[in-house]
Amino acid sequence: MTTHNDDVDWDRWPIADYLAENYRELHRSDAAVIAHHSAFYRRFAPGDVARSVEFGAGPNLYPLILASAASRSVDAVEAGAGNVAYLERQLVCGPDASWLPFHALCRRLNPAVPATLAGALAQVNVVHADVRDLEPGGYDLASMHFVAEGATEDFAEFADFCRAFVRCVVPGGHLVAAFMENMPTYRIGPASRWPGCPVDPEVVTAVFAPLTRELAVTRIDADASLPDYGDSGMVLLTAEAPPVTRPVGPSVLRRGARPQRTARGR
């Protein structure tokens with residue numbers, strides 16, 4: 001049976017296991033994402049972007065740090081209660097020391113990032129909400145990391161999340177994202193099982209090409225220092241929303257573009 005987003009209790013997301021497996025140290029793959037995204041954010045002067053959104057923030061702080069180089073306000077929108085509580089603790093009580101190397105790399109690659117980690121997070125607002133309910137055109141820039149392909153096993157729903165991501169920015173608004181490549185349904189920690197929708201650069205391009213302009217899609221290889229979730233790397237994207245609003249309808253995919261699970265899938 002295919003698992004959809006609303007079938008999952010996201011309040012039970014295993015935050016401690018997720019952070020331990022992925023973010024207690026700076027891995028090569030995340031350093032590559034940070035380098036890619038830093039080049040994107042260097043297009044902007046400090047404060048150029050009035051409102052940014054992290055579309056499905058989870059407990060990952062480095063996208064918020066990256067956005068601080070350009071944004072006067074950053075909404076971290078997240079549906080899971082545990083992730084919301086973690087983000088709020090990071091802002092109120094101070095961020096975990098494990099995020100310091102992430103901040104140092106972000107600032108080295110883009111000196112517009114505030115000088116301290118706390119300063120980089122000062123413009124962040126935590127919003128407990130479903131990203132699908134975001135007001136169309138509410139932001140000048142949207143960022144998304146490992147959300148659409150990790151929220152469902154259904155490809156049509158993956159595409160719906162991508163359309164909602166594009167729709168939340170103003171016409172001409174800026175988009176930056178990262179996806180796990182060919183990620184099947186996966187486990188975090190000793191037991192918990194979470195949905196995955198395998199996608200690759202061809203599929204991401206096919207979904208976003210009808211919705212955006214200035215689309216650029218690339219990829220990085222899998223990182224052997226991370227747990228083997230069954231993925232084959234990461235897909236990275238930058239784009240702009242169309243300058244004139246047009247209906248964001250069903251994505252146009254060529255026949256055969258639907259992703260397939262990899263042989264390593266679990």
Side-chain angles (χ1 to χ4, degrees), residues 1-14 18 53-58 60 63 76-84 127-139 142-169 175-188 192-212 215 217 219 229-232 234-237 239 241 246-262 265-266:
M1 181 179 295
T2 300
T3 300
H4 295 84
N5 181 79
D6 291 340
D7 297 329
V8 179
D9 182 1
W10 295 105
D11 291 342
R12 296 180 56 251
W13 181 254
Y18 180 70
V53 61
E54 185 59 28
F55 188 94
N60 184 1
V77 179
E78 169 59 39
N83 285 329
V84 168
V127 180
H128 191 181
D130 189 319
V131 291
R132 295 170 295 184
D133 296 332
L134 289 175
E135 177 185 358
Y139 296 96
S143 169
M144 176 172 68
H145 292 76
F146 321 120
V147 173
E149 79 287 11
T152 180
E153 295 176 359
D154 180 68
F155 180 74
E157 192 170 33
F158 162 80
D160 287 343
F161 272 102
C162 294
R163 286 191 289 272
F165 174 59
V166 176
R167 191 168 56 237
C168 78
V169 298
L175 304 163
V176 61
F179 306 84
M180 299 303 294
E181 183 183 63
N182 291 315
M183 175 96 110
T185 295
Y186 60 99
R187 294 188 181 277
I188 295 176
S192 67
R193 177 183 179 277
W194 302 92
C197 181
V199 300
D200 59 19
E202 182 183 30
V203 169
V204 170
T205 299
V207 170
F208 279 91
L211 310 178
T212 64
L215 176 65
V217 176
R219 66 172 302 281
Y229 294 122
D231 64 280
S232 57
M234 297 179 183
V235 180
L236 309 179
L237 171 150
R246 65 173 184 247
V248 179
S251 60
V252 178
L253 281 175
R254 65 168 179 81
R255 187 178 301 276
R258 181 179 293 272
Q260 301 296 317
R261 294 190 180 278
T262 64
R266 294 174 294 203

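One is the number of the first residue; the rest follow in order along the sequence.
- Here the closest non-hydrogen pair linking Val131 and Gly56 is CG1-N, 3.3 Å.
- The two residues Ala129 and Val77 come nearest to each other via the heavy atoms O-CG1, 3.7 Å.
- Here CZ of Phe165 is found 7.0 Å from CG of Leu237. Values are rounded to the nearest 0.5 Å.
- Under the side-chain contact (heavy atoms from CB on, under 4.5 Å) criterion, His4 pairs with Thr2, Asp7, Thr152, Asp154, Glu157, sequence neighbours left out.
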*Stepwise, does the side-chain contact (heavy atoms from CB on, under 4.5 Å) test hold for Glu181 with Asp231?*
CA-CA 6 Å; Glu181 183 183 63; Asp231 64 280; 5.6 Å; no
*Audit row: Asn5, Phe161, side-chain contact (heavy atoms from CB on, under 4.5 Å) steps and yes/no*: CA-CA 10 Å; Asn5 181 79; Phe161 272 102; 3.8 Å; yes
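- Put simply, the side chain of Arg163 never gets that close to the backbone of Leu211: no donor and acceptor are under 3.5 Å apart.
- Counting only heavy atoms from C-beta outward, the side chains of Met234 and Arg219 never approach each other to under 4.5 Å.
- Atom CH2 of residue Trp13 and atom CG of residue Asn83 lie 7.5 Å apart, to the nearest 0.5 angstrom.
- Closest approach of Ala81 and Asp11 over heavy atoms only: N-OD1, 2.8 Å.
- Looking at Thr212 and Leu175, their side chains come closer than 4.5 Å, going by heavy atoms from C-beta outward.
- Closest approach of Val169 to Ala142, counting heavy atoms only: CG1-CB, 3.5 Å.
- Between the Glu78 side chain and the Gly58 main chain, a donor and an acceptor come within less than 3.5 Å of each other.
- A distance-only check finds no donor-acceptor pair linking the side chain of Trp194 to the backbone of Trp10 [under 3.5 Å].
- Not one N or O on the side chain of Asp130 forms a donor-acceptor pair closer than 3.5 Å with the backbone of Ala79.
- Of all non-hydrogen atoms in Tyr186 and Gly150, the two that sit nearest each other are OH-O, 4.3 Å.
- One finds the CE atom of Met144 at 7.0 Å from the CD atom of Glu149 (value rounded to the nearest 0.5 Å).
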*Derivation of the side-chain contact (heavy atoms from CB on, under 4.5 Å) call for Tyr139 and Leu134*: CA-CA 10 Å; Tyr139 296 96; Leu134 289 175; 4.3 Å; yes
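- Remark: Asn60 CG to Glu54 CD distance equals 7.0 Å, nearest 0.5 Å.
- Residues meeting the side-chain hydrogen bond (donor to acceptor under 3.5 Å, both in side chains) test with Arg193, sequence neighbours left out: Glu153.
- Between Ser192 atom OG and Arg187 atom CZ the span is 8.0 Å, to the nearest 0.5 Å.
- The aromatic ring centroids of Phe155 and Phe158 lie less than 6.0 Å from each other.
- In this structure, Phe179 and Val204 approach most closely via the heavy-atom pair CE1-CG1, 3.9 Å.
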